[in-house]
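Just the heavy atoms: all of them, side chains too, but no hydrogens, waters or symmetry mates, feed the values below.
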There are 2 protein chains.
Amino acid sequence: MIYSTELIKGTLKTIVLKMLSDNKKMYGYEITQHVKEVTKDKILISEGALYPTLHALESEGLLKTETEYIGKRVRKYYTLSPTGKSKAKEKMNELTDFINTLTFLLDIKHA
Amino acid sequence: MIYSTELIKGTLKTIVLKMLSDNKKMYGYEITQHVKEVTKDKILISEGALYPTLHALESEGLLKTETEYIGKRVRKYYTLSPTGKSKAKEKMNELTDFINTLTFLLDIKHA
DNA sequence: TGGGTATACATCTGATTCTTATGTATCTTC
DNA sequence: GAAGATACATAAGAATCAGATGTATACCCA
């Protein structure tokens, strides 16, 4: 099952914040791979979507970065700021509530 | 709880198809009101979003219309075409699967 | 040693989708 | 007769993402 792309829209920020919430410290590529693995290739985050989102969250003050060098290769680690932590909880509550509402509206049976 | 608007994006077509699937015959305004009621004002479909979507689904051959007059006022009823019926099932399966995947990824507890 | 694949960052164009605003008109209720 | 509800519709602009493209390093293996 490949999800039509418009479905994933709107959930990316929440996914990113939740990943950082659970794992403390991650870099961009790691997030895409982690999501890909956990969802068994069902949710594939494109880089063209991820990086602008990370930059946006950073400029909103929700994320902080530290650059690390692995050999000569740059790696940018992201962590949640205090504001980011509360925003992550807020966004998760919202998404959870939304999913419950949708589930009820559409009479979806739980897996 | 008011959902940030981007969350609802991508689900509108599926919601419309499901509503018609359950209720056989509905007109636009009725869909907005039904969704509003069932979700207790949590999902509010704007007319600027709904009507273009209905027109698009119709031009894709998924919906058929019959116009009815209530006094002098026009009312456009929509029903699913055979193609629309199978598309509705398909879209519902996709959304259900997506919700299950998201629920697992984000470790959401069922309501 | 060269080629393919993976890692890792980034930006840009265009497509899609929705919000908000606007418009028209009728009906109901007070 | 005015407000609010019913009922359709379109249009401009914002937001977000897919897909393409670009750069560069690292690893594997034939």
Report the distance from atom [atom1] of [X] to atom [atom2] of [N], rounded to the nearest whole Å.
X       : N      : atom1 : atom2 : answer
A:Met26 : C:dT7  : CE    : P     : 14 Å
A:Tyr51 : D:dG22 : OH    : P     : 18 Å
B:Gln33 : D:dA5  : CD    : P     : 10 Å
B:Lys36 : D:dT6  : NZ    : C1'   : 14 Å
A:Tyr29 : C:dA10 : OH    : P     : 15 Å
A:Tyr78 : C:dA10 : OH    : P     : 5 Å
B:Phe98 : D:dC17 : CZ    : C1'   : 13 Å
A:Glu58 : C:dC9  : CD    : C1'   : 13 Å

Under a 4.0 Å threshold between the charged nitrogen and the carboxylate oxygen, would A:Lys13 count as salt-bridged to A:Glu60?
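Yes, charged N to carboxylate O under 4.0 Å.
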Between the side chains of A:Lys42 and B:Asp97, is the shortest nitrogen-to-carboxylate-oxygen separation below 4.0 Å, so that they form an ion pair?
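Yes, this pair counts.
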Below 3.5 Å between N/O atoms, which protein atoms pair up with nucleotides 25-27 of chain C? Just atom names and distances, please.
{"unit_1": "C:dT26", "atom_1": "O2", "unit_2": "B:Arg73", "atom_2": "NH1", "d": "2.6"}
{"unit_1": "C:dC27", "atom_1": "OP1", "unit_2": "B:Lys72", "atom_2": "N", "d": "2.8"}
{"unit_1": "C:dC27", "atom_1": "O4'", "unit_2": "B:Arg73", "atom_2": "NH1", "d": "3.2"}

Any side-chain to backbone donor/acceptor pair from A:Asn23 onto A:Met19? Under 3.5 Å, distance only.
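Answer holds: yes.
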Strictly distance-based, threshold 3.5 Å: is any side-chain N or O of A:Glu30 a donor or acceptor partner for the main-chain N or O of A:Tyr27?
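Yes, the answer is positive, given that a donor and an acceptor are paired below the 3.5 Å cut-off.
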Qualifying residue, where the test is side-chain contact (heavy atoms from CB on, under 4.5 Å) with B:Val38 and the options are A:Leu105, A:Leu106, A:Asp107
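Testing each of A:Leu105, A:Leu106, A:Asp107 against B:Val38, the sole residue satisfying side-chain contact (heavy atoms from CB on, under 4.5 Å) is A:Leu105.
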Please identify which of these residues, A:Lys85, A:Lys24, A:Glu66, meets the side-chain contact (heavy atoms from CB on, under 4.5 Å) condition with A:Thr79.
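Per the side-chain contact (heavy atoms from CB on, under 4.5 Å) rule, the option paired with A:Thr79 is A:Glu66, out of A:Lys85, A:Lys24, A:Glu66.
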Atom OH of B:Tyr77 and atom OG1 of B:Thr67: how far apart are they, to the nearest 0.5 Å?
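That separation rounds to 11.5 Å.
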Using only side-chain N and O atoms of A:His55, determine if any of them is under 4.0 Å from OP1 or OP2 of C:dT11.
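For A:His55, the contact criterion (side-chain N or O under 4.0 Å from OP1 or OP2 of C:dT11) is met.
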When you look at A:Glu94 and A:Lys89, which way does the salt bridge (Lys or Arg N to Asp or Glu O under 4.0 Å) test go after all the steps?
CA-CA 9 Å; A:Glu94 190 193 7; A:Lys89 282 179 196 163; over 6 Å; no
Summarise how protein sits on nucleotides 13-19 of chain C as a single string, 5' to 3': B when a protein heavy atom is under 4.0 Å from the base, S for sugar-phosphate-only contact, - for no contact.
---BBSB
A:Ser81 and A:Gly61: which non-hydrogen atoms are nearest, and at how many Å?
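For A:Ser81 and A:Gly61, the tightest heavy-atom pair comes out as OG-O, 2.7 Å.
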Which residue lies more 5' along DNA chain D, comparing B:Pro52 with B:Tyr27 via nearest heavy atoms:
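Its nearest nucleotide being more 5', the pick is B:Tyr27.
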